[in-house]
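Before any comments, here is the structure.
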Amino acid sequence: MMHVKHVLVLGGTTEARQLVESLVGDPRVRVTTSLAGRVAAPRLPPGDVRIGGFGGPEGLAAWVREHRVDALVDATHPFASTMSRNAVQAAAQAHVPLLALRRPGWVAQDGDRWHSVASLAEAAELLPTLGERVFLTTGRMGLAAFAGAGLDALWFLVRSVDAPEPPCPRRMDVLLDRGPFSLDGEREIIRRHGIDVLVTKDSGGDATAPKLTAAREAGIPVVVVRRPPVPEGVPVAATPEEAGEWVVRKLYASG
């Protein structure tokens, strides 16, 4: 009798969905995707889905053991550092192999005026020296960093999937939208709102990259928040295809 292997994918990214889509057709694999539940109406991948937190690394390890997970893939957003750390601890506790699936970060091109910073707080501190009308594309989490009185002279256009909650910048308009975004659309946003500085996280990928091209064309500076490193010792796949090959090696090599 064929032994079905159980893979838990910590998801929420395009790459996670693509990995799951490549695995669910294999009769030897059962896939469960875990979503954090921070988006009100997430795009659900095929296969089994659970929504919500685990209760820290111990809770994740307990779930892995209870549901007989054979391998764990951390395909969360590159900035979901807490979940990535929890995955490392849980994999060690439950004695299952762990892979991080991370799309490569963006690379500056000729004509880009990028300012690299380590955090949202550092981005906020830099903004008054760069512009007055800010296109803030870092999502609804972390807006408190831009709510300080020192930024009251700035106006923010905040783009997020769901409506942000306070604390928020004092002068702010909200644009509710979900990528992928087109280059023409990003050009129009910059033109229509008179944007003179863009703030983004280095999430990588193609879905939200057109804003970087639009900013380059408009000659406006871009504040880029560097992504946290993948926890030490965790193997990394750059594409869903690489991650799928890792699953095959880890779970099928021994039969």
Side-chain angles (χ1 to χ4, degrees), residues 7-22 33-39 42-43 45 53-54 57 60 71-91 98-109 112 114-124 135-143 145-146 158-162 164 177-181 186 198-213 215 222-244 246-247:
V7 179
L8 175 60
V9 177
L10 306 178
T13 60
T14 300
E15 290 75 19
R17 174 189 296 275
Q18 291 171 345
L19 171 62
V20 171
E21 289 173 348
S22 72
T33 300
S34 174
L35 301 175
R38 290 181 176 174
V39 175
R43 293 172 175 167
F54 290 94
L60 176 54
L72 180 59
V73 179
D74 171 17
T76 56
H77 191 275
F79 284 82
S81 54
T82 298
M83 190 67 241
S84 294
R85 289 193 298 269
N86 289 350
V88 172
Q89 297 179 47
L98 169 66
L99 175 77
L101 172 54
R102 291 288 185 275
R103 55 182 177 251
W106 291 315
V107 178
Q109 300 184 26
D112 282 328
W114 286 12
H115 299 263
S116 178
V117 296
S119 66
L120 292 176
E122 192 174 324
F135 188 16
L136 190 57
T137 64
T138 56
R140 66 188 181 96
M141 310 298 289
L143 289 184
F146 303 92
V158 175
R159 181 164 66 192
S160 61
V161 176
D162 295 317
D177 204 354
R178 187 201 304 259
F181 303 108
E186 302 294 57
L198 166 69
V199 182
T200 184
K201 293 178 176 178
D202 180 17
S203 49
D206 297 329
T208 61
K211 63 189 171 187
L212 302 174
T213 302
V222 180
V223 181
V224 181
V225 182
R226 296 188 296 273
R227 59 173 64 178
V230 173
E232 186 176 355
V234 178
V236 179
T239 66
E241 292 76 17
E242 289 181 23
W246 177 88
V247 168

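What you see is a predicted model, and the numbers here were worked out from it, not measured in a lab.
Residues V230 and A100 approach most closely at CG1-CB, 3.9 Å, considering heavy atoms. Here the shortest heavy-atom pairing between P240 and L101 reads N-CD1, 3.9 Å. Among all heavy-atom pairs drawn from S160 and P164, the shortest one is OG-CD, 3.9 Å. Between A243 and A237, the shortest heavy-atom distance links the atoms N-CB, 3.7 Å. Closest non-hydrogen pair, V9 versus A75, comes out as CG1-CB, 4.1 Å. Contact between P78 and S203 at its shortest, heavy atoms only, is CG-O, 3.7 Å.
Rounding to the nearest 0.5 Å gives a distance of 8.5 Å between CZ of R227 and CH2 of W106. Summarising the geometry, atom CG belonging to L72 is positioned 9.0 Å from atom CG belonging to L99; distances are rounded to the nearest 0.5 Å. Between the CG atom of L120 and the CG atom of L136 there is a distance of 8.0 Å, given to the nearest 0.5 Å. Between atom CG of residue D162 and atom CZ of residue R178 there is a gap of 7.5 Å, rounded to the nearest 0.5 Å. Within the model, atoms NE2 of H77 and CZ of R103 stand 5.5 Å from one another, a figure rounded to the nearest 0.5 Å.
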What pairs of donor and acceptor atoms, side-chain ones from residues 204-213 against any protein atom, are under 3.5 angstrom apart with sequence neighbours left out?
from: K211; atom 1: NZ; to: T137; atom 2: OG1; distance (Å): 2.9
from: K211; atom 1: NZ; to: T200; atom 2: OG1; distance (Å): 2.9

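Applying the side chain to side chain donor-acceptor pair (under 3.5 Å) criterion to T13, with sequence neighbours excluded, gives no partner residue. Listed by chain and residue number, D74, R102 satisfy the side chain to side chain donor-acceptor pair (under 3.5 Å) test with S84 (two or more places apart in sequence, or in another chain). Legend: residues meeting side chain to side chain donor-acceptor pair (under 3.5 Å) with S22, ordered by chain and number and at least two apart, are absent. Checked against salt bridge (charged side-chain N to carboxylate O under 4.0 Å, His left out), R17 has no partners two or more places apart in sequence or in another chain. Remark: D112 pairs with A108, Q109, W114, R216 by the side chain to side chain contact (heavy atoms under 4.5 Å, CB included) rule, at least two apart or across chains.
Contact annotation: the side chain of V158 never approaches that of F146 to less than 4.5 Å [non-hydrogen atoms, C-beta and beyond].
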Is there a salt bridge (charged side-chain N to carboxylate O under 4.0 Å, His left out) between E186 and R159 once you walk through the steps?
CA-CA 11 Å; E186 302 294 57; R159 181 164 66 192; 2.8 Å; yes

Given the rule in the side chain to side chain contact (heavy atoms under 4.5 Å, CB included) test, do L8 and L60 qualify, once you have shown the distances and angles that lead to the verdict?
CA-CA 10 Å; L8 175 60; L60 176 54; 3.9 Å; yes

Could you go step by step and tell me if F79 and V225 meet the side chain to side chain contact (heavy atoms under 4.5 Å, CB included) rule?
CA-CA 10 Å; F79 284 82; V225 182; 4.0 Å; yes

